[in-house]
Each structure stands twice: as structure tokens, then as C-alpha cells.
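Labels below follow one simple rule: chain letters A, B, ... track the order of the sequence lines, proteins then strands, and each chain is numbered from 1. Quick note: numbers below take in every heavy atom, side chains included, and nothing from hydrogens, waters or symmetry partners.
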There are 2 protein chains.
Amino acid sequence: MTDIDELLSIRAAELYYEEDKTQDEIGTILRLTRWKVGRLLAQAKANGFIRIEIVHPRARRLGIERQLRSATGLADAIVVSTAGVVDELDLQKRTAQAAADYLSALRPVPRTLGISWGRTLYDISVQLKPGWASGVNVVQINGGVSLNARPGTAAATAVSIAQKGAGQFTLLPSPAILERVETKLAIASDRSVAAVLEMGSSASAYLFSAGQADAGSAHVDSGYLTPDQVDELVRKGAVGDVVGRFIDSAGQIVDPALDERTFGIPLEQLRRAKTAIAVISGPRKHAIARSVVLSGLCTVLITDEDTAQALIKAA
Amino acid sequence: MTDIDELLSIRAAELYYEEDKTQDEIGTILRLTRWKVGRLLAQAKANGFIRIEIVHPRARRLGIERQLRSATGLADAIVVSTAGVVDELDLQKRTAQAAADYLSALRPVPRTLGISWGRTLYDISVQLKPGWASGVNVVQINGGVSLNARPGTAAATAVSIAQKGAGQFTLLPSPAILERVETKLAIASDRSVAAVLEMGSSASAYLFSAGQADAGSAHVDSGYLTPDQVDELVRKGAVGDVVGRFIDSAGQIVDPALDERTFGIPLEQLRRAKTAIAVISGPRKHAIARSVVLSGLCTVLITDEDTAQALIKAA
DNA sequence: GCCGATCTTGCTCATATGAGCAGGAGCCTC
DNA sequence: GAGGCTCCTGCTCATATGAGCAAGATCGGC
């Protein structure tokens, strides 16, 4: 395109998009035929001079979702827009909202839903609308008795999701990480506990988040790990944790000994699942999101625009 | 609008603007009539959820130009978009380009054009295309022999504008500020110099910029004033200078003694002029831009989006 | 619970826009 | 400088969209 045409296409775009003039009126103003104006506008679009953004907390990026699906082979991808996001809290809320929306619209409605716990899952439970399902069994899939902060958050999340879905909940009565393997095996061998794990392993869908491996990890807040222990995991290649289990960028368990003491369903259950919904957003979670998606831990990813872009680039 | 309608309008907007679907297709997807879809899209626009931006160095903001004209009573206003601006240099270039465009399109073509000098004017002279006018007399309206940096810039500017406009140039052979009033009067009384000032005073149009009053002022670079002297002017209320003369926020000369020693046409000439084009952009020039416009020093302002917004708010 | 007021819906019709095509201008090749 | 090629222009026609309107739904007041 010639330089003068480029300038004309900008003038035309201003009149068309800012001033709401018709192509015919623009033709009169710029002394062009209306067909020429139409072509100039088409060129302006094709050259990327026209940027259209939907600014709303519920806005999604369908184009990026499509790219993400085809780049990663995910069954589904939900990408929330970052346009107009003010802080990370806002972004978390948007993502949780999108997850709640997705869960509400999920068909078939899962009979048994396995969930992890944490900040993200709690937010989702808050955003869910009463009546989102009619009779859903919610079961925790990893140990979740918090040691320090916000006791009962894990339980409250499961309870809320179940109640709003007019269903039952089943808690996993165990800490996330035990100090000794023997303790873990002892708890796991308990009939009632084993039944919960069994139910978790046969869930028809999973909903979980993931944590990044750094000093801000929920495991540190909850008192299961010290910052030093997390640093050590990072040195071994950990990028984050999924249902309590720390993995490297290839999706492999980084510390088998620690993993043995971690209570919950094994990651293989997620990889085998027909519907495993991961909800991961925020700039600090790019690495763990990448690992989760590329190692096949989820079939559906709900995330933000920036994380999605990083993922597409990586895949 | 109800909450559910708001969400639907966002979904519709995504499909319409991102996926290029027709309203009819969207109707099928969302199980709505195409008329409902049309209304939802109209609501999304009305609520400001749809943001359309023209991303191009030559893009202008016609809506803001209109607001600026009606808020200030300017005869004309040119506002360049800041969308996609990377640094202040980029912004300066865009503004200079807009000024060159404006000058080229100015009707009637000025027979005599009075110009100031400086970074902005120089940029404009570079952006002007050969043949922008056919025979224009360019005359300097303020003293412009630079003492330190870039000697000859002021002259080069006038020469370039005149040559590209197939016309003559007339330089004002004097420093911007004289050390003694007597010297200034002596120079001014010289027949040939007086003729230049006379020509400057009767120009059919003026094109000038303005400088902010701070240590980065062109007067400091050029060696006419020390940073201390500028600080002193600021204490007296100076917000910047126009054709070398420092004014306060009301457009009044802040230091009459200094002004007596400043060489060039008086500001009253600009205020009386039928066409006085001020080119002022950048975040540091909001105050001086405000003073120039509100005190009637220009009839036309060429500026950037942010400065324009600040001006509209102030007026 | 009835009635009027107001808001929403689905339509008809007018207008705006995009696809596709024939003719023509400009340009390169020989 | 002729011929053929490509690209551009202005058109016709099909489609998409917006304005305006009448019927229906909803709501509050009594």
C-alpha cells in the first residue's frame, strides 16, 4: 500500500470509528468514492491499525482461546481479558468468575466433582451461584487441613460448592503433607479415609488450581513447608505444585520422598481423567501453568490473557 | 440493564468484534433473535465496554479536538493520538508531523509566515514535504542565535521551511536575550533589523512552539539563562516561554526587565493575529500549553491527547 | 387482583456495507 | 512503441444492520 493510501485509511478510520460517519459521508469529505473508502477501511483493519478491545471483567479472548487449544491440544480453554485489570486481586477474581461460569455451564453435569483447595478454589466457590447444579457430590482430592492461616478454608470451599450445587460434600480428613511416611500410610489405610480417596479417584470431573514454587507458596503460608524447603525444591527443578505435589517443568515429581508423604490422589488420576479443569492465572504462575498443560495434567485450562500468550509461545 | 443482559452483551461483543460473526449467527449461538443481539451490541457500546483505538503515528483524536475547540474557543485544534507511543521523542515526531500536515493544508496559504525556533520547529521543518507551498515568505519572529548547542539550528529551520515552500526567508540577526537593554534598543533601531521585525509583525500567519520553565528549558541549553535564573523566574510564577518571553499561568510577562532585553515581536502581535498556530506537546508542557491557550496567544493548537485532556479539564 | 404505565420484543422497511466482476490505467517486456 | 500483464476502479447485486412501530410482557399502585 502506498504511503498516501495509508494516511487516507487512517483519516477514514477516524471518521468511521470515532465520528460514526457512513462510508458515503467519508467519501464526500475525503473526495473519494464510497467503495474506495470501504477498501481503505478494510486495509486499515488488515494492517492492524484498528484495535478493538472489550473492556469488562467478564470479557474473554476467544481468539486466544482458539490459538491455545490448537497449540496445546487442550479440549477447552477459557482466557479472560486483562484489559482494564487494576491489580492481581482483580485478575484472580476475574479468573474465578470465569471458572464458576464454566463449571455452571459444564455438560454433562458432573455427578462427582473432585476439587483441590486454596485461594483460587475458595474464590470460585464464592462466585458460584446457588443452583449451579442440582445434586453434585463434591470430594476433596488432596489433604487440606491448614496448619496456620485461615483454618477451615479448605472445608468451607468444598461445603460451599456442594451446597450451592444442591449436593453432598466429602472432606479428606488429613493434612496436606505428613511428617513421616508411616503416618501417611496409616491414615490412608483407614477404611473411611480410603473410601474418600476411592471416591476422589473415580470422580467424573476435577477442578483444581496450582501454586508457584516460591516463598509465596500456599504451603509456606499453611506451615507445611519452610521457605528453605521450597528453595530446595526449586533447586531440584520445581516450578510449582498441583494438588499438593511439586513438579518440574516436565510435569515430573521433583522429590519422590516428599511426594510419598503428600496426601491425595496421584497425579496420574488427573492425567487419565476425562475432564480435568485447571484454573491458573497471574504473572507468577506462567511456569507452573506451562508444566500443567504440557504434561497433560488438565484437559481444560482457565487462565488469563498474559499466561495464555506465554503458553502459546512456549508450545 | 440487568446483570444477565450485561453478560450477554459481552458475549455478543466477543463474537461480533473478535470472531467476525454476523448478528444473526450470534443469535443462533446465544439463542437470541438477531434484533436482540443488535440491541445488546448497542448497549455494550453505550456502556463503553467496546473500546476502539486507531493505532498509527498519524492518528488523530477528532472527538477530543471537538471538545477542545468548544471548551477553549480555539478556531482549530489538532490532537494526535498517544496510542502506541513509545517515548517522548516519538510523541514529538508525531506532533511535528501533524503540524507539517496542518501547515500544508492551511488555506489561504500564508504569504508571510512568522516562525519561532527550537526543537519543535526544527522537527516540523524536517517533516514538511517539498512543494508544501508555492512561494511563502518565512520570517523569524524572535532572536535566535544560539550561543552553545547546535549553532545554526534556528536559521536552518527557517531556510528549510522557506525552501520547501518555494519561497524566501528572512532571519532576525540578533540573540534571543541581550545582556543590556541599551544593546537591544541599539539593534532594534537598525534600519534593516527594524524591517525584519516589521515584516514579522505583519505576517499573515504565525507558527511557534513554547518551552516549559525548568532546568531543561531551551534557554538554558542555549546559554541565555542559567538554571538559577530559570528557578527565579519560576518563583515569580513563570510556567514557560513563548517566542522567548516568559509568562505566568495567566499569560502575563513575569519579569518585565528581562522581557525588555528579549528580542522579537511582542506577544500582543500573536494575540492580535488572525492565524497563530501553537505546537505544544509532551507531559512537561501541560502548564505552558494551558497558559498559551487560555490567554489567547494562539488561534490554533496542535498537541497530543494527554495535553489536550488536561486542557479540557482546566477550561 | 385489576388496570394503566412503561419497558421489551419481534417485526417491516430503509439504509449501509461487502463480494464479485468488467473495464481501464499503468507498467514491464521485448 | 506494441502487447500483454497486473492492479485498481467503479459498478451491480446480495447481505447485514439500524430505525421505527405495534403487540405483548412486566410492574407498581390501588
Side-chain angles (χ1 to χ4, degrees), chain A residues 1-56 58-63 65-66 81 101 104-105 129-131, chain B residues 1-56 58-63 66 81 101 105 129-131:
Chain A
M1 178 166 52
T2 142
D3 204 50
I4 185 80
D5 261 21
E6 185 168 315
L7 182 55
L8 274 175
S9 76
I10 295 302
R11 294 285 157 264
E14 288 161 1
L15 294 164
Y16 192 73
Y17 291 106
E18 281 203 57
E19 304 288 283
D20 287 318
K21 302 222 178 289
T22 69
Q23 298 186 5
D24 215 357
E25 290 174 308
I26 297 169
T28 309
I29 295 169
L30 301 179
R31 298 163 192 282
L32 301 166
T33 61
R34 68 187 184 80
W35 298 285
K36 178 74 181 172
V37 174
R39 283 181 187 122
L40 286 172
L41 288 172
Q43 282 172 10
K45 263 194 200 168
N47 285 318
F49 299 153
I50 313 298
R51 199 164 109 197
I52 301 183
E53 228 178 24
I54 302 170
V55 186
H56 192 281
R58 305 286 278 268
R60 282 164 49 187
R61 303 300 316 271
L62 303 182
E65 291 180 1
R66 196 158 358 88
S81 165
D101 288 347
S104 307
K129 281 219 161 44
Chain B
M1 179 167 49
T2 142
D3 203 50
I4 185 79
D5 261 21
E6 185 168 315
L7 182 54
L8 274 175
S9 77
I10 295 303
R11 293 287 155 264
E14 287 161 1
L15 294 164
Y16 192 73
Y17 292 106
E18 282 203 56
E19 303 288 284
D20 287 317
K21 300 221 180 289
T22 69
Q23 298 186 6
D24 216 358
E25 289 174 308
I26 296 169
T28 309
I29 294 169
L30 300 180
R31 296 162 193 282
L32 301 166
T33 61
R34 70 186 182 80
W35 297 285
K36 177 75 180 172
V37 174
R39 282 186 247 261
L40 287 171
L41 288 172
Q43 282 172 10
K45 262 193 200 169
N47 286 318
F49 299 152
I50 313 298
R51 202 163 100 198
I52 301 183
E53 229 177 24
I54 303 170
V55 187
H56 193 279
R58 304 286 278 267
R60 281 166 49 187
R61 302 300 315 273
L62 303 183
R66 196 156 1 86
S81 165
D101 288 346
K129 282 219 161 43

> Earliest and latest nucleotide of DNA chain D, 5' to 3', sitting under 4.0 Å from a non-hydrogen atom of chain B?
Replying inline: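 Nucleotide range with atoms under 4.0 Å of chain B: dA16(D) to dG18(D).
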> How large an angle, rounded to 10°, do the end axes of the helix from dG1(C)-dC30(D) to dC30(C)-dG1(D) enclose when each is built from five base pairs?
Replying inline: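 Between the first-five-pair axis and the last-five-pair axis there is 40°.
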> Rounded to the nearest 0.5 Å, how far does CG of L7(A) lie from CZ of R58(B)?
Replying inline: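 Rounded to the nearest 0.5 Å, the CZ-CG separation comes out at 4.5 Å.
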> Which distance, rounded to the nearest 0.5 Å, do you find between the CG of L8(A) and the CZ of R39(A)?
Replying inline: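 Going from CG on L8(A) over to CZ on R39(A), the span is 14.5 Å.
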>> Once side-chain hydrogen bond (donor to acceptor under 3.5 Å, both in side chains) is applied, do any residues pair with R61(A), and if so which ones, sequence neighbours excluded?
In response: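 So R61(A) forms a side-chain hydrogen bond (donor to acceptor under 3.5 Å, both in side chains) with E305(A), E18(B).
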>> Just to verify, what does R11(B) make a side-chain hydrogen bond (donor to acceptor under 3.5 Å, both in side chains) with, not counting sequence neighbours?
In response: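 Only E14(B) meet the side-chain hydrogen bond (donor to acceptor under 3.5 Å, both in side chains) criterion with R11(B).
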Going by atom type alone, with no hydrogens or angles, which donor-acceptor pairs under 3.5 Å involve a side-chain atom of residues 28-36 of chain B and a protein atom two or more places apart or on another chain?
| from | atom 1 | to | atom 2 | distance (Å) |
| --- | --- | --- | --- | --- |
| T28(B) | OG1 | D24(B) | O | 3.2 |
| T33(B) | OG1 | K36(B) | N | 3.2 |
| K36(B) | NZ | D5(B) | OD2 | 3.1 |

>> Give the residues of residues 14-38 of chain B touching DNA chain C, defined as any heavy atom closer than 4.0 Å, sorted by residue number.
In response: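 DNA chain C contact set from residues 14-38 of chain B: T33(B), W35(B), K36(B).
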> If every non-hydrogen atom of I10(B) is compared with every non-hydrogen atom of F49(B), which pair is closest and at what distance?
Replying inline: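 Looks like CD1-CD1, 3.7 Å.
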Those residues that, when tested against [X], pass side-chain contact (heavy atoms from CB on, under 4.5 Å) (two or more places apart):
| X | value |
| --- | --- |
| Y17(A) | A13(A), L41(A), K45(A), I50(A), I52(B) |
| E53(B) | R51(A), R51(B), V55(B), A83(B) |
| E65(A) | R60(A), L62(A), R69(A), I78(A), V79(A) |

>> Holding to salt bridge (Lys or Arg N to Asp or Glu O under 4.0 Å), I want the full list of residues that pass it with E19(B), two or more places apart in sequence or in another chain.
In response: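 With neighbours one apart ignored, the set is R66(A).
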